[in-house]
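Note that ligands are numbered from 1 as they come in the structure, with each ligand's atoms numbered from 1 the same way.
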Amino acid sequence: MSRLGRIETQLTSRKRGHTGLAALIDPDNFEKKGAISVARTTEKLGFDCIFIGGSTLGDQTHLDDIVSAVKRNVTCPVILFPGNVTGISRHADAILFSSLLNSTNTYFIIGAQAIGAIQVSRYNLEAIPMGYLVFGDESTTSFIGQVRSIPYTKPAVAAMYALAAQYLGMRALYLEAGSGSNHPMPPEVVKAVRKSFKGLLVVGGGITTPEIAASLADAGADLLVIGNLLETKDFKKKLVPITKVLRDKLKH
Ligand code: 1GP
C-alpha cells in the first residue's frame, strides 16, 4: 500500500469529531478570476482545502489554468477531484485517486484509473486512494458515472460498501449526493458508514445551510464539500454561518 503523503497527512490530522470543509471549484462553471476569488474567500473563512474537478470536464487547458491560478493564490492544499482522465493537472498538490464503486461500468471503477495512473505518476502527484459512492439518480455525476444508485433509505447497504472500500485499502471514502442536490446525504447513512469506515470520511452534495452541515458533522463526517453554493450570489454571506457552526463544535 502506498504511504501517506504530505497532503493526506494534513487532511487526516484533525481529531475525530472535528469536521473540516473543502471548497469545490468546477472548472466548467468558473473563469480564472471567479475561481481565484472563491479560493481566497474560502481559505480566509477557514476552509481546509480546495477541490477542483467536475463530472463533465473536457478542457484540460482550462483546468490547468484554473488549478495554477488557484495554486498561486492560496496556501491550503489544492486537490484534484476528477470525474475522468481529463481531470488531471500537473499543477495540483494531490489527487483524489478514486474508484466509483457503485458504477455499472468498469471504466469508472478501474478503467479510467489505469489510464490516468500514467499521468499521475509522470506528474508526481500525490494520490489519495478513495472510494466514491453516489446516492440518488438525478445528478450529473450519477448519469455520467452510470451509477446504480444506493438508496438514501438503506444505510446498511452504504455501510456494506464502506466496509468493502476499507478492506480494499481505500483510505478515504466520499459519500456523494450530487452537486446541487435537493437531497443531501441523510445523517443516518453517514452514521452507519462511520461505524464501519475508519478512514477519511468525505460527504458532499446539497450542503447549503448550517443545519445540514451540523447534522452531517454530528453523524461523523470528517470533511464536508461545498460546491454549488460557491457559484451563487453572496456566497460568502451564506458560508459564514456554516463555518461558524463547525468552528463552535471544536470548542465542545
Ligand atoms: C459535488 O459533493 C459535491 O460533487 C458538492 O456538492 O455542489 O451540491 O455543494 P454541491
Distance filter under 4.0 Å to Gly227 heavy atoms, resulting ligand 1 atoms: 5 (C), 7 (O), 9 (O), 10 (P)
N or O contact, Asn228 vs ligand 1, cut-off under 3.5 Å: yes
Per-atom contacts, ligand 1 versus Gly180 - under 4.0 Å to a heavy atom: 7 (O), 8 (O), 10 (P)
Proximity to ligand 1 by part of Tyr174, non-hydrogen separation under 4.0 Å: side chain
Those atoms of ligand 1 less than 4.0 Å from some heavy atom in Gly205: 2 (O), 3 (C), 5 (C), 6 (O), 8 (O)
Test item, Thr141 contacting ligand 1 (heavy atom, 4.0 angstrom): no
Salt bridge present between Arg171 and Glu8 (N-O < 4.0 angstrom): yes
Under 3.5 Å: donor-acceptor pair, side chain of Thr106, backbone of Ile109: no
Per-atom contacts, ligand 1 versus Ile226 - under 4.0 Å to a heavy atom: 9 (O)
Short N or O distance, Gly206 and ligand 1, threshold 3.5 Å exclusive: yes
Short side-chain to backbone donor-acceptor contact, Lys198 and Lys195, under 3.5 Å: yes
Check against side chain to side chain contact (heavy atoms under 4.5 Å, CB included), Glu31 and His62: CA-CA 8 Å; Glu31 292 306 324; His62 182 56; 3.7 Å; yes
Side chain, backbone, both or neither: the part of Leu24 lying under 4.0 Å from ligand 1 by heavy atom: side chain
Electrostatic pair Asp234-Lys238, nearest N-O below 4.0 angstrom: no
Tyr174 and Leu201, any side-chain heavy atoms less than 4.5 Å apart: no
Under 3.5 Å, sequence neighbours excluded: what are the donor-acceptor pairs made by side chains of residues 127-142?
unit_1 : atom_1 : unit_2 : atom_2 : d
Tyr132 : OH     : Glu176 : OE2    : 2.6
Ser139 : OG     : Ser142 : N      : 3.1
Ser142 : OG     : Gly136 : O      : 3.4

